Amino acid sequence: MRLSTVILPIYRWAEGQKIWRQAEDLGFHAAYTYDHLSWRSFRDGPWCGAIPTLTAAATLTQRMRLGTLVTSVKPFSPITA
């Protein structure tokens with residue numbers, strides 16, 4: 001069975017890197033973060049960007065897949081006339 005986790009982008013990297021590393025150490029198959037601009041209950045605290053967060057997480061994880069929970073990448077398809 002493959003298990004994944006969600007790590008909210010509310011941590012400054014000094015603390016966040018420990019959480020991302022721990023997720024991999026615990027054996028999670030994938031870890032995701034939200035790419036919303038904010039979240040109501042966290043509006044008065046830090047809310048980091050998803051892409052920089054995932055980029056930083058990629059520098060210290062090796063096996064775990066990383067991704068966002070909202071952004072969907074659509075393959076480019078040229079318009080033909």
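Keep in mind it's a predicted model, so treat the numbers as computed, not measured. When a residue number appears, it is its place in the shown sequence, counting from 1. All values below come from the heavy atoms of this structure, side chains included, with hydrogens, waters and symmetry mates left out.
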Report summary line: CG (Leu26) and CE (Met64) are apart, to the nearest 0.5 Å, by 9.5 Å
Query raised in the report: Are the side chain of Gln17 and the backbone N or O of Ala57 linked by a donor-acceptor pair below 3.5 Å?
Result: no
Report summary line: Taken to the nearest 0.5 Å, the spacing of Phe28 CZ from Ile7 CD1 works out to 8.5 Å
Query raised in the report: Between Tyr11 and Leu8, which heavy-atom pair has the shortest distance, and what is it?
Result: CD1-O, 3.4 Å
Query raised in the report: Going hydrophobic residue to hydrophobic residue with side-chain gaps under 4.5 angstrom, can you get from Tyr34 over to Trp13?
Result: yes
Query raised in the report: Hey, are the side chains of Glu24 and Arg63 touching, using non-hydrogen atoms and a 4.5 Å cut-off?
Result: yes
Report task. Determine yes or no for a side-chain-to-main-chain donor-acceptor pair under 3.5 angstrom, with Thr68 supplying the side chain and Thr33 the backbone. Result -> no
**Report entry** same_hphob_cluster(Trp47, Ile19) at 4.5 Å side-chain heavy-atom cutoff
**Finding:** yes
Query raised in the report: Does the side chain of Leu66 come within less than 4.5 Å of Trp20's, by heavy atoms?
Result: yes
Query raised in the report: In Å, rounded to the nearest 0.5 Å, how long is the span from CD1 of Ile10 to OG1 of Thr53?
Result: 11.0 Å
